[in-house]
Protein chains: 4
Amino acid sequence: MSRDSKRIPSVVKNRQLVEKRRQQIIRGACDLFVRKGFHRTTTREIARECGLSIGTMYEYIQSKEDVLYLVCDHIHSELESRLKSALAETGSGREGLTKAIAQHFRVMAEMSDDVLLIYQETKSLPGEAMSYVLKKEEEITSLFEEILQRGIRDGTLTLDPSVVKLMAHNIMVLGQMWTFRRWALKGLYTLEEYTRHQTALLLNQCIHPKTGGK
Amino acid sequence: MSRDSKRIPSVVKNRQLVEKRRQQIIRGACDLFVRKGFHRTTTREIARECGLSIGTMYEYIQSKEDVLYLVCDHIHSELESRLKSALAETGSGREGLTKAIAQHFRVMAEMSDDVLLIYQETKSLPGEAMSYVLKKEEEITSLFEEILQRGIRDGTLTLDPSVVKLMAHNIMVLGQMWTFRRWALKGLYTLEEYTRHQTALLLNQCIHPKTGGK
Amino acid sequence: MSRDSKRIPSVVKNRQLVEKRRQQIIRGACDLFVRKGFHRTTTREIARECGLSIGTMYEYIQSKEDVLYLVCDHIHSELESRLKSALAETGSGREGLTKAIAQHFRVMAEMSDDVLLIYQETKSLPGEAMSYVLKKEEEITSLFEEILQRGIRDGTLTLDPSVVKLMAHNIMVLGQMWTFRRWALKGLYTLEEYTRHQTALLLNQCIHPKTGGK
Amino acid sequence: MSRDSKRIPSVVKNRQLVEKRRQQIIRGACDLFVRKGFHRTTTREIARECGLSIGTMYEYIQSKEDVLYLVCDHIHSELESRLKSALAETGSGREGLTKAIAQHFRVMAEMSDDVLLIYQETKSLPGEAMSYVLKKEEEITSLFEEILQRGIRDGTLTLDPSVVKLMAHNIMVLGQMWTFRRWALKGLYTLEEYTRHQTALLLNQCIHPKTGGK
DNA sequence: GATGAATGAGAATTCATTCAT
DNA sequence: TATGAATGAATTCTCATTCAT
């Protein structure tokens, strides 16, 4: 899934094994990072958690930061794939957007911890890896941009061209918001209510000001 | 300003001195945390940056985490005070909301680094301190809730009661978004454009669909 | 050539193969040891350099120190054989000594890196291996002793018997000196000049003090 | 004594204390390096040997290599100072040279282990430090050059100008030879015999061949 | 109150060697 | 015979915190 874990060199040459072991590492490390954060997690803990000896683990990575990169990359890939497959089943236009938002919010809720992790630890990645991760984020955002564009084209959504990108970002953020404001939101709304309200508000914005809002 | 730094015990008893030294610590540490993150900053660096010896610094705090708490508390207080004083000049209702949003966004942009810092390091706070910081965040959010309520009361804003709190959170998040998505947004919009568009979208939501759409 | 690599046990029994593989190991390791020193070279690097897998390499040695021993032994054997074949062509007496010195210095210059290696890493050999290597050094030294003795016998060299061994050692060291002082000597003399001067000085010593020096 | 240990930064600022602690470190490390070599000695062993905690030791150095530098620098300084003070008492010309050689050999014998250490571990120094150490070696060598020049000037030594530098290097090396060939020489000569013979041989060289050899 | 030297537990990473295939 | 993945003890270095002066 995360095709680009190839970027990280490993001592072990067997590609299949590398992929398998890295999945182990990702699984173990992700749990720990979510629970304790990247810096509070030691490499020995990661090794223990994923059932490898410390030496073996280091045959598959070069540094602790590599583990963070693997984890972030994995989460983004997972997000992207889930969202893409969700959007595939989605119709177009206004109705499609409604479904897409619901799927997005559902994915965010399901991967709440992981999303939070990305938001808090991405800055700990070394420069190049960070750029890569941000690019991934932008790709995902553009999925929503496309949906909006299709809606505009088929006339079910009315939106000024200059705010299409902004709306896409807004949708992304309102989804993520469920994870990083859950301490407040969970007491106020269920995910369903949250989704319903936000969707209504967002759709409200997709009516051209002149005909709708004025 | 940060009345609650009193929570943190200090060896030194002279209240005034404690306050002065802690301001030094906050200033130095904040810079460093923004640049390198909490975990990558050492206590020695903090001491050097704020012009105290490491021993002296420890007369005014009990642990490195205390410094993070002081910094987070300071940033929240600063945010709150700036926003409050900005809102004081603000009229009420629809127009007031417009101004409030603009002020909020301006404050976010000005304190961009600090806001980012809070979002990335709050989770490193020990339990109690974190609750305190989150409470502060909720207080600030409720400032917007009040504005919305006033607007509803004076009839310039139409909003279902069940989404008032949600709208307040949304406004908060759309402001913060300028800081944590600046890597993408800065290339698309100036702060002024961003503010204008988001305000338009938000106001668009404050008209009840049924009556407003007409 | 290095008959005594037999001392080191190997899992593989085929004598020929053992000899072939060990030559590979020596070649690869020698390069690396010269470049990085024994301790800074890893067994993995040695294996890679000599085209064997790490597992295979360990079929032919028992420990990393064995590799050092093989290398040191090889270098000494090479030195001895080159010097011996050079001395074979050499006449006797004063003239023979002159040629022998020139050959010795030439060999030292050609094997500069290897000689340096021996001087810096011999102490890393385990006790027994070190004794063996030192014995080899003594054997080579005695080649010069013999030349001197022959010169004394044929009357072309005049030298007090008590300093014959010393002179032999001196000749050895002045040759090696070209390698371990090259950082200074290369700036002062070419190898030819160096050889000419040292030879003159040495021959000057081979005149009995009573008749010559007084 | 080793004025240039200033080159190595230390966390501790008190110059006097730094000097004192570094003397401790040098003493302990030197012993260990002589016994086991640089690479086989651990930082913890060094710390224990010199009576500091590992943490404290690292307040006075930046890396293990710094310790090697301190040790090498110390040995060179010691050599230089001993030799200089020995040479001060020395007359000039032929007789002066005789005494200088004796002093030099005595110092070499006394500091046998240290000299050996330098010869075997200098290559482990990082580039700049190595250059510095080699410069020191050259300075010491030039002390002998001066003695030779004085002898030539006052007519008690006859030596072609082109071999003066070479002779100086030879004297240096013949002294060091007592340390790195002691495994062979100790069985053949006492230090006194060794000194007497080598001195005779060297002085023999300081008579111009044409006039002397007749 | 201020200082800064001392401490040592703990962290990341390496690497010689083994052994199942 | 050949391979290379697995191992974990050992190593260097860091850093929050303390405490004697």
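The model shown is predicted, which means the values in this text are computed figures rather than measured ones. Values below: all heavy atoms of this structure, side chains included; hydrogens, waters and symmetry mates excluded. A, B, ... follow the sequence lines: proteins, then strands. Residue 1 opens every chain.
The distance between atom CZ of A:Arg22 and atom C1' of F:dA5, rounded to the nearest whole Å, is 15 Å. Atom CD1 of A:Ile25 and atom P of E:dT13 are 13 Å apart (whole Å). Taking atom CD on B:Glu59 and atom P on E:dG4, their separation rounds to 13 Å, with Å as the unit. Spacing between atom CD of D:Glu19 and atom C1' of E:dA5 amounts to 17 Å, rounded to whole angstrom units. As rounded to whole Å, 11 Å separates atom P of F:dG4 from atom NZ of A:Lys13. The NZ-P distance, from D:Lys20 to E:dA6, rounds to 8 Å in whole Å. Note: CD (B:Glu65) to P (F:dC15) measures 16 Å, nearest angstrom. Rounded to an integer number of Å, the gap from A:Ile46 CD1 to F:dG8 P is 18 Å.
Ring geometry for B:His39 against A:His39 counts as parallel: the plane angle stays under 30°, on a 0 to 90° scale with 60° as the upper cut.
Comparing C:Met57 and D:Gln62 against DNA chain F, the residue whose closest nucleotide sits nearer the 5' end is C:Met57. Where A:Ser53 and C:Thr56 meet DNA chain F, the nucleotide closest to each residue was compared, and C:Thr56 sits on the side nearer the 5' end.
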*Can you run through DNA chain F from 5' to 3' and write each base as (, ), [, ], | or . depending on how it pairs? Watson-Crick or G-U wobble, both distances under 3.5 Å.*
.||||||||||||||||||||

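Cation-pi contact between C:Lys123 and C:Phe38: absent, since separation from the ring centre below 6.0 Å together with deviation from the ring axis within 45° is not met.
D:Leu17 comes within contact range of the sugar-phosphate backbone alone, with a heavy-atom separation under 4.0 Å but no base atom that close.
Taking each heavy atom of B:Glu121 and B:Leu68 in turn, the nearest pair found is O-CD2, 3.6 Å.
A salt bridge (charged side-chain N to carboxylate O under 4.0 Å, His left out) with C:Glu49 is found for exactly one of C:Arg27, C:Arg35, C:Arg44, namely C:Arg35. For the salt bridge (charged side-chain N to carboxylate O under 4.0 Å, His left out) criterion with A:Asp73, the lone passing option out of A:Arg7, A:Lys136, A:Arg22 is A:Lys136.
Around the NZ atom of B:Lys20, the shell of radius 6.0 Å holds no more than 12 heavy atoms that belong to other residues, nucleotides or ligands.
Separating the CD atom in B:Gln24 from the CD1 atom in B:Ile46 is a distance of 13.5 Å, to the nearest 0.5 Å.
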Protein-nucleotides 9-12 of chain F N/O pairs closer than 3.5 Å?
residue, atom, partner, partner atom, Å
F:dT12, OP1, D:Lys64, NZ, 3.0
F:dT12, OP2, D:Thr43, N, 3.0
F:dT12, OP2, D:Thr43, OG1, 3.1
F:dT12, O4, D:Arg44, NH1, 3.4

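Side-chain proximity of B:Val12 to the nucleotides F:dT3, E:dG1, F:dT1 is greatest for E:dG1. Among the nucleotides E:dT7, F:dT1, F:dT7, the one closest to any side-chain atom of C:Tyr60 is F:dT1.
Using a 4.0 Å cut-off, some side-chain N or O of C:Arg21 falls inside it from OP1 or OP2 of F:dA2.
C:Ile75 places none of its side-chain heavy atoms less than 4.5 Å from the side chain of C:Cys72.
The backbone N or O of D:Val11 sits nowhere less than 3.5 Å from a side-chain atom of D:Glu59 that would complete a donor-acceptor pair.
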